[in-house]
Amino acid sequence: MSAVFKKEIRTYFTTMSGYVFLGFFVLINAYFFSRFNVGEGSPDYSGTLTYTFSMFLILIPVLTMRLFAEEVRQKTDQLLYTSPISIWKIVFGKFFAAASLFLFGTVIIALFPIILNYYGDVNFIQTFGCFLGYFLLGASLIAVGLFISVLTDNQIIAAVGTFAAVFFILMMDSVIMSMPVDTLSSTVFTVLVISLISFILYNSTKNIVISGAFFGVCLVAVSVLYFLDDLIFEGIIVRVLNWFSVLNHFESFYMGIFKLSDVVYYISFIYIFLYITINTIEKRRWR
């Protein structure tokens with residue numbers, strides 16, 4: 001894994017992608033810092049940091065689009081997959097390289113609240129919490145971009161796909177507000193989720209009995225609950241999507257509140273996307 005990590009870090013700084021990412025990352029953060037903190041005399045850097053979420057739409061694709069797409073285009077992916085290094089070490093090595101570059105940029109902009117403290121009282125506990133959540137949010141989006149990169153051999157397609165995925169993730173809270181809350185829609189949504197989980201289970205195990213039994217048991221349970229008290233399902237779409245919202249889990253970090261559940265959520269989010277990336281490569285490897 002260390003060999004892959006070193007290779008990717010070296011590639012970032014022997015091509016323009018690493019410099020482009022760090023340059024724009026620091027520049028955009030510096031712009032908002034000068035506008036809201038210096039210009040308005042506000043010591044609240046946590047609020048300023050949230051304004052930079054929109055830059056993820058461009059910078060995350062820059063960071064991840066070439067990770068696997070370039071390997072496929074240059075036909076070096078076969079050499080990589082047949083090497084003694086396991087697939088999970090390759091995927092984790094590439095992820096940690098991209099996440100380390102993002103962490104390096106985050107450490108640079110962490111100088112801004114330190115500078116700000118000379119001119120006002122900065123709440124460092126809240127600011128640290130915000131930076132922690134900021135890094136976990138960025139790392140989660142990197143995992144998404146890594147997965148999309150493995151689906152294509154074209155960096156442009158990988159970049160556009162990552163842009164669309166990041167845009168949807170960041171806009172999820174707005175989407176949630178338009179979701180229906182009636183019991184019928186919520187029940188149909190529950191059945192669709194069960195179907196998706198059953199498909200994923202079958203795709204992973206190739207055992208139709210296990211996946212079919214899971215689907216049947218869950219469907220019976222949903223039917224019984226619906227006829228006993230259909231109000232149980234009311235608003236379940238909003239509740240589920242709220243739980244999956246990456247921005248919703250960032251709120252506690254923004255307020256300087258450290259919740260283990262939010263940390264576990266981000267780590268689980270990252271792991272799930274790395275897992276399906278590994279699973280996708282394994283299928284391609286044995287095809």
Tyr134 versus Thr50, side-chain donor and acceptor atoms under 3.5 Å: no
Treating Ile, Leu, Val, Met, Phe, Trp and Tyr as nodes and any side-chain heavy-atom pair under 4.5 angstrom as an edge, say whether Val150 and Ile157 lie in one connected cluster. no
Could you work out, with side chain to side chain contact (heavy atoms under 4.5 Å, CB included) as the rule, every residue matching Pro61, not counting sequence neighbours? Ala159, Thr162, Phe163
Aromatic rings Phe56 and Phe53: how do their planes relate, parallel, tilted or perpendicular, breaks at 30° and 60°? parallel
Could you label the plane-to-plane angle of the Tyr266 and His249 rings as parallel, tilted or perpendicular, counting under 30° as parallel and over 60° as perpendicular? perpendicular
Would Ile272 and Val144 show up in the same hydrophobic cluster when neighbours are defined by side-chain heavy atoms closer than 4.5 Å? no
Does the side chain of Leu247 reach to within under 4.5 Å of the side chain of Leu137, using non-hydrogen atoms? yes
With sequence neighbours left out, write down each residue that passes ring-ring contact (aromatic ring centres under 6.0 Å, His included) with Phe5, or none if nothing qualifies. none
Under 4.5 Å side-chain heavy-atom separation, chaining through any Ile, Leu, Val, Met, Phe, Trp or Tyr, what else clusters with Ile156? Say none if it is isolated. Val160
Centres of the Tyr12 and Tyr19 rings: under 6.0 Å? no
I'd like to know whether the aromatic ring centres of Phe135 and Phe131 sit less than 6.0 Å apart in this structure. no
Pairwise side-chain contact, Ser195 with Phe215, heavy-atom cut-off 4.5 Å (strictly under): yes
Roughly how far apart are Thr48 OG1 and Tyr45 OH, rounded to 0.5 Å? 7.0 Å
Consider only side-chain heavy atoms of I, L, V, M, F, W and Y, link residues closer than 4.5 Å, and tell whether Phe124 and Met255 are in one cluster. yes
Do Phe273 and Leu146 have side chains that get closer than 4.5 Å, going by heavy atoms? no
Pair Phe25 + Phe102: ring centers closer than 6.0 Å: yes
Option passing side chain to side chain contact (heavy atoms under 4.5 Å, CB included) with Thr190 (candidates Val193, Leu192, Ile194): Ile194
Check whether any side-chain heavy atom of Ser252 sits under 4.5 Å from a side-chain heavy atom of Lys259, and report yes or no. yes
Shared ILVMFWY cluster between Ile125 and Leu116, side chains joined below 4.5 angstrom? yes
Could you see if Trp88 belongs to whatever hydrophobic cluster contains Tyr271? Use Ile, Leu, Val, Met, Phe, Trp, Tyr and a side-chain cutoff under 4.5 Å. yes
